[in-house]
Amino acid sequence: MVFDYVIVGAGSAGCVLANRLSADPARSVCLIEAGPPDRSPLIHIPAGILGLIPNRHVNWAFKTEPQPGLNGRQGYQPRGRTLGGSSSINAMIYMRGHRGDYDEWAALGNPGWSYDEVLPLFRRSEDQQRGADHYHGVGGELTVSDLASPVAASHAFVESAIRHGVPANADFNGVRQEGAGLYQVTQRRGRRCSAAVAFLHPVLARPNLTVLTGHRATRLVLAGCRATGVQVRGQRGEVEITARREVVLSAGVFGSPQLLMLSGIGPRAELAGHGIPVAHELPGVGANLVDHVDLALVYRSSDPTLMGITLRTALRAIPGYYQWRRHGRGLLTTNFAEAGAFLCTRPGLARPDIQLHFVNGLVDDHARRLHYGYGISCHVAALRPGSRGTVRLRSADPFEAPRIDPNFLGVEADVETLLAGVKMAREIMCGAPLDRHRGAELYANGQSDEALVARIRQRADTIYHPVGTCRMGQDELAVVDPALRVRGLEGLSVVDASIMPTLVGGNTNAPTIMIAEKAAERLVA
Ligand SMILES: Cc1cc2nc3c(=O)[nH]c(=O)nc-3n(C[C@H](O)[C@H](O)[C@H](O)COP(=O)(O)OP(=O)(O)OC[C@H]3O[C@@H](n4cnc5c(N)ncnc54)[C@H](O)[C@@H]3O)c2cc1C
């Protein structure tokens, strides 16, 4: 159990690292994953996402602390717990964010992370089915394609947005982000192209790569200021896995700070509160949690081309399954969030501050509340919230879920942005092109600002992009330096969505894959 590199977490970042670090047969790599292999068909059939988000099948299914900004409600935080991590349960939207997001990272004291510097890394992993151009690459492991069979309602949403003055945008990852269009997805021939499918499965036969599923890292092993390995609990009990060169934490936005704190690396008071001896004081661990807060506008529909809990959908699913298997097309290839838009709520903004996800189903409360019949929804997310939260320990027991407090709507400006976005989204959803797809609105409680704010506080929650809990930077509260090495320690890096200093304006899978590409360059140098 001695390797050159030990990677904890086989998620979006961990799978990329396992691939890149084991490319040279002279380097030995161990990838440790708490969850099972990614064999569930729900992972690989895109529409299976509806069966993945609401339950614990391959999902940590965390709950947040009660949120004062959400009337004291507990939020829900699904996270993948299988090979591929959250990329095995996500909505497959391929989105990089705004170029200004990366220029902002660089300006915050992170040289090497500006948009022009990270663009080649996005292109490296990409296999863009439309072909290569300045923004897109071909021949990479991650297949990025247009949706195989988008439904009429998704096209109608785009049409309605355009009629409301939103510019058409055929490529949100190209020249400009603002506008409305169909999303591109990480799918290959109609199947989910998770980070595991893209980066891990093709290299599983490498003799220098060991993948341990069902093994949970419980603590880092430190010798003075150097990380030398990881303590791991599997079916056969506790083992220690030693890293000759580097331990890399890719356990995600909640897992990575939790593991650091369990190992005595974190804020002194927090560690002391749980009786954990301080190995290395690092006050920023678990701070700076930021996520996209989101309100879904939900409508009933009588459009039978949508997916619904109906006999007709069940009957369509049978030929749909064969169509999917044989041709990679049809209703089972939907990622549900087929179309969307990036909007500015005020003139003069340098970057859009709202993202819309149009959903061709009646998806309510993370698909935990089921409704008979058809529906459509529009998710409205505030892209750059000012609220910051924390991840803390519940106890020193590594098997207890961490205490997650996103502090949603903790600052008033976030409420105002979301309110402005909701009003814009309602206009689009009420537009003529959607007339034949749209029925009665659920949870409508009036259209005054007061009523909409009440609804936001009563119904908003995450759209699944928490980041920032092991923030990169060079100041006292930064956890990793711009090369992603844990500050003040040797042989230890964090490489996953937790290192983002600020939240990108868009979905976070492609940015996380890019982060791992960049870290791999340094680790093998
Ligand atoms: C429901 C949902 C929908 C989403 N939709 C989209 C989308 O459409 N597009 C998009 O771009 N982004 C989307 N995202 C976000 C995106 O998928 C994540 O930001 C990204 O996958 C995070 O990657 P990561 O490597 O940081 O963490 P993860 O991919 O979550 O990986 C962390 C891994 O570490 C493992 N782990 C944790 N703790 C331990 C431990 N102690 N020991 C061993 N293993 C451990 C976990 O099981 C997991 O496999 C979505 C996320 C969710 C949950």
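Whatever order the structure lists them in is the order used to number ligands and atoms, beginning at 1.
Looking only at heavy atoms of the protein, atom 7 (C) of ligand 1 is closest to I93 N, 3.6 Å. Atom 14 (N) of ligand 1 has N90 CB, 3.6 Å as its closest protein atom, hydrogens excluded (heavy atom only). Ranking protein heavy atoms by distance to atom 30 (O) of ligand 1, first place goes to S86 OG, 2.7 Å. Protein heavy atom nearest atom 26 (O) of ligand 1, with residue, atom name and distance: A497 N, 3.0 Å. In this structure, the protein non-hydrogen atom closest to atom 47 (O) of ligand 1 is E33 OE2, 2.7 Å. At the top of the distance list for atom 52 (C) of ligand 1, counting protein heavy atoms only, stands Y464 CB, 3.5 Å. Considering only non-hydrogen protein atoms, atom 5 (N) of ligand 1 sits nearest to A91 N, 3.0 Å. In terms of protein heavy atoms, atom 18 (C) of ligand 1 is closest to T508 OG1, 3.8 Å.
No part of Q258 comes within 4.0 Å of ligand 1, judged by heavy-atom distances. The proximity of T82 to ligand 1, defined as any non-hydrogen pair under 4.0 Å, is limited to the backbone.
Between A34 and ligand 1, an N or O atom pair is found at a separation short of 3.5 Å. Between R81 and ligand 1, no N or O atom pair is found at a separation short of 3.5 Å. Considering both main-chain and side-chain atoms, S498 never comes within under 3.5 Å of ligand 1 through any nitrogen or oxygen pair. Checked against a 3.5 angstrom limit, the closest N/O atoms of P78 and ligand 1 fall outside it. Below 3.5 Å of separation, one finds an N or O of A13 facing an N or O of ligand 1.
Residue-ligand proximity: I89 is placed with a non-hydrogen atom under 4.0 Å from ligand 1. The shell of residues lying under 4.0 angstrom from ligand 1, judged by heavy atoms, excludes Q77. Heavy atoms of F254 stay at 4.0 angstrom or farther from ligand 1.
Under a 4.0 Å N-O distance rule, the pair R245/D4 does not qualify as a salt bridge. Using a cut-off of 4.0 Å between Lys/Arg side-chain N and Asp/Glu carboxylate O, D291 and R388 are scored as not salt-bridged. Remark: R216 does not engage E238 in a salt bridge, criterion side-chain N to carboxylate O under 4.0 Å. Remark: E104 does not engage R384 in a salt bridge, criterion side-chain N to carboxylate O under 4.0 Å.
Taking the salt bridge (charged side-chain N to carboxylate O under 4.0 Å, His left out) definition, one finds that R403 meets it with E65, sequence neighbours left out.
No hydrogens or angles considered: nothing links the side chains of T82 and D38 as a donor-acceptor pair under 3.5 Å.
Note on residues 505-518: pairs passing salt bridge (charged side-chain N to carboxylate O under 4.0 Å, His left out), not counting sequence neighbours, are R20-E517.
Looking at A367, G80, A251, it is A251 that brings a heavy atom closest to atom 37 (C) of ligand 1. Nearest-heavy-atom check against atom 40 (C) of ligand 1 across P36, A217, A337 picks out A217. Of the candidates S250, G9, A510, the one placing a heavy atom closest to atom 32 (C) of ligand 1 is S250.
Side-chain atoms of S125 come within 3.5 Å of backbone atoms of L121 as a donor-acceptor pair (strictly under, hydrogens ignored).
Within ligand 1, the atoms closer than 4.0 Å to a non-hydrogen atom of H215 are 43 (C), numbered from 1 in the order shown. Atoms of ligand 1 found under 4.0 Å from any heavy atom of I53 (numbered from 1 in listed order, with element): 1 (C). Below 4.0 Å from some heavy atom of G252 lie the following atoms of ligand 1, by number and element: 26 (O), 27 (O), 32 (C). Taking every non-hydrogen atom of T512 and a distance limit under 4.0 Å, the qualifying atoms of ligand 1 come out as 23 (O), 24 (P), 25 (O), 26 (O).
A cation-pi arrangement, defined by a distance under 6.0 Å to the six-membered ring centre and an angle within 45 degrees of its axis, is present between R368 and Y76. For R191 and W324, the positive end sits near the middle of the six-membered ring, less than 6.0 Å away and at most 45° from its axis.
Note on ring orientation: taking the six-membered ring where Trp is involved, the planes of H292 and H465 are perpendicular (angle over 60°, cut-offs 30° and 60°).
At least one side-chain heavy atom of L249 sits under 4.5 Å from a side-chain heavy atom of L220. The shortest distance between side-chain heavy atoms of T502 and M500 does not fall below 4.5 Å. Here the side chains of F254 and I404 are in contact, with some heavy-atom distance below 4.5 Å.
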